[in-house]
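One structure below.
Excluded from the calculations below are hydrogen atoms, water molecules and symmetry mates; all remaining heavy atoms, backbone and side chain alike, are included.
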Amino acid sequence: MTAPVFVVGEAEEGAFRGAAPGSRFVLDGPEGRHAVSVKRLRAGEDVVLTDGAGRWAGAVVTDTEGKDRLVVSLDDGGVREEAAETPRITVVQALPKGDRGELAVETMTETGVDAVVPWAAARCITQWKGERGQKALSKWRATAREAGKQSRRVRFPEVAELATTKQVAALLSGADFAAVLHEEGSEPLATAALPGAGHIVLVVGPEGGVSPDELAAFAQAGAEPYRLGRSVLRTSTAGTAATALLLGRSGRWS
């Protein structure tokens, strides 16, 4: 789909409850302001409305009100739902420094990741604690939402709460394929045997690498170390490169 995407409420709020072809929706607040003042949409143009959880509808702009209200009418297709793709790809992302966390979430979202789990790895310089941690998590989630819209997705990736190493190990133990990106003595991810369905979980360590204790814990949970290639990527780009590789190899990009 090429029409611009806008979010109407959230999935748990039943954004499309009672909607039918011809139903009227009003975009206001930040979404309406972006549509009217930034995108400069006008009557007759097409848009896509979504709740970010797979439900979406095509619509046509019927009017604008001021600088931050866009009035649209659902097209004849009504409300549709995009099924979750398989295999599901989750990236466990160690906390990078500065704004590199948002960069990682943005590019992984644009590429097609299904979920991101922030991880407080032993060698992370950045620490999420208290109000600062909640603010950082909110930024990651807002980035996933905006990148989802920008890349014309209607099912945005989930950004989980900050995970400990023990919680990451539990996630890995339930995966159909679990891998840790690690350059030393590991097999290439490009030749790994991947499942045709189910859940793939990939761990991306911090700039200082995954510690021996963490590697041991993840190995016990069933996650083997794999490398991407000869070069060593930054933690903020490794997850995106690996996601692209997995999407291509799993058939999701076919």
Tell me whether T107 contacts the main-chain N or O of L103 through its side chain, where contact means a donor paired with an acceptor under 3.5 Å.
yes

So, the side chain of T126 versus the backbone of P96: is there a donor-acceptor pair under 3.5 Å, distance only?
yes

Set out, in order, the CA-CA distance, both residues' side-chain angles and the distance that settles side chain to side chain contact (heavy atoms under 4.5 Å, CB included) for R24 and V26, then state yes or no.
CA-CA 7 Å; R24 179 178 180 270; V26 177; 3.5 Å; yes

Whichever hydrophobic residues join V60 through chains of side-chain contacts under 4.5 Å
none

Quick one: do K166 and D213 make a salt bridge, cutoff under 4.0 Å?
no

Taking only Lys NZ, Arg NE, NH1 and NH2, and the carboxylate oxygens of Asp or Glu, determine whether R152 and E110 approach each other closer than 4.0 Å.
no

Stepwise side chain to side chain contact (heavy atoms under 4.5 Å, CB included) test for L95 and L162
CA-CA 9 Å; L95 303 180; L162 180 66; 4.0 Å; yes

So which atom in L247 and which in T111 form the shortest heavy-atom distance, rounded to 0.1 Å?
CD1-O, 3.2 Å

Please confirm whether the backbone N or O of G32 pairs with a side-chain atom of D28, one donor and one acceptor, at under 3.5 Å?
no

With a 3.5 Å cut-off and sequence neighbours excluded, list the donor-acceptor pairs that the side chains of residues 217-225 form with protein atoms.
none

For E161 and L137, what are the C-alpha separation, side-chain angles and deciding distance, and is it a side chain to side chain contact (heavy atoms under 4.5 Å, CB included)?
CA-CA 7 Å; E161 295 286 336; L137 177 60; 3.5 Å; yes

Would you name the heavy atoms of A242 and L189 that are closest together and state the gap between them?
CB-CD2, 4.1 Å

Quick one: side chains of residues 191-212, donor-acceptor pairs under 3.5 Å with protein atoms, not counting sequence neighbours, listed by atom name and distance.
from	atom 1	to	atom 2	distance (Å)
T191	OG1	P188	O	3.3
H199	NE2	T90	OG1	2.8
E207	OE1	R234	NE	3.4
E207	OE2	R234	NE	2.9
E207	OE2	T235	N	3.4
S211	OG	E214	N	3.2
S211	OG	E214	OE1	3.2

Residues in side-chain hydrogen bond (donor to acceptor under 3.5 Å, both in side chains) contact with E146, at least two apart in sequence or another chain
K149

With sequence neighbours excluded, give me every side-chain hydrogen bond (donor to acceptor under 3.5 Å, both in side chains) pair touching residues 243-254.
D114-R252

Partner set under side-chain hydrogen bond (donor to acceptor under 3.5 Å, both in side chains) for R33, not counting sequence neighbours:
none

Between R141 and V159, is there a donor-acceptor pair closer than 3.5 Å when you use the side chain of the first and the backbone of the second?
yes

Return yes if some donor-acceptor pair links the side-chain N/O of T50 with the main-chain N/O of V154 below 3.5 Å, else return no.
yes

Are any side-chain N or O atoms of E85 and backbone N or O atoms of E82, one a donor and one an acceptor, separated by less than 3.5 Å?
no

Connected to V232, directly or through other members, by ILVMFWY side-chain contacts below 4.5 Å are none

Pairing residues for Q150 by the side chain to side chain contact (heavy atoms under 4.5 Å, CB included) criterion, not counting sequence neighbours:
none

Out of curiosity, E106 CD to T143 OG1, how far, rounded to the nearest 0.5 Å?
7.0 Å

Return the minimal non-hydrogen interatomic distance between A160 and V117, and the atom names on each side.
CB-CG2, 4.1 Å

Do the non-hydrogen side-chain atoms of T165 and W119 ever get within less than 4.5 Å of each other?
yes

Answer with yes or no whether the hydrophobic clustering places L228 together with V113; edges join I, L, V, M, F, W, Y residues whose side-chain heavy atoms lie under 4.5 Å apart.
yes

Ring pair (Phe, Tyr, Trp, His ring centres under 6.0 Å) pairs touching residues 21-44, sequence neighbours excluded, are F16-F25

Measure the shortest side-chain to side-chain distance between E81 and V79 over non-hydrogen atoms and say whether it is less than 4.5 angstrom.
no

Check: T109 main-chain N/O paired with R153 side-chain donor or acceptor under 3.5 Å:
yes

Compare all side-chain heavy atoms of L171 with those of V92 and state whether any distance is below 4.5 angstrom.
yes

What's the spacing between S236 OG and Q93 CD if we round to 0.5 Å?
7.5 Å

For the student: nearest non-hydrogen atoms of L172 and A178, plus distance:
CD2-CB, 3.7 Å

Can you sort out the partners of Q167 under side-chain hydrogen bond (donor to acceptor under 3.5 Å, both in side chains), two or more places apart, ordered by chain and number?
T164

Report, one line per pair, each donor and acceptor closer than 3.5 Å where one atom sits in a side chain of residues 67-74; sequence neighbours left out.
from	atom 1	to	atom 2	distance (Å)
R69	NE	E65	OE1	2.7
R69	NH2	E65	OE1	3.4
S73	OG	G22	O	3.3

Residue pairs passing the ring pair (Phe, Tyr, Trp, His ring centres under 6.0 Å) test with at least one member in residues 132-170, sequence neighbours excluded, are W128-W140

Take F6 and V48 through the test side chain to side chain contact (heavy atoms under 4.5 Å, CB included) and record every step on the way to the result.
CA-CA 6 Å; F6 296 94; V48 170; over 6 Å; no

Non-hydrogen side-chain atoms of E45 and R42 separated by less than 4.5 Å
yes

Transitive ILVMFWY side-chain link M108 to F177, under 4.5 Å:
yes

Does I89 share a hydrophobic cluster with L181, counting links as ILVMFWY side-chain heavy atoms below 4.5 Å and allowing steps through other members?
yes

Where do A163 and V168 come nearest, in terms of heavy atoms and distance?
CB-CG2, 3.9 Å

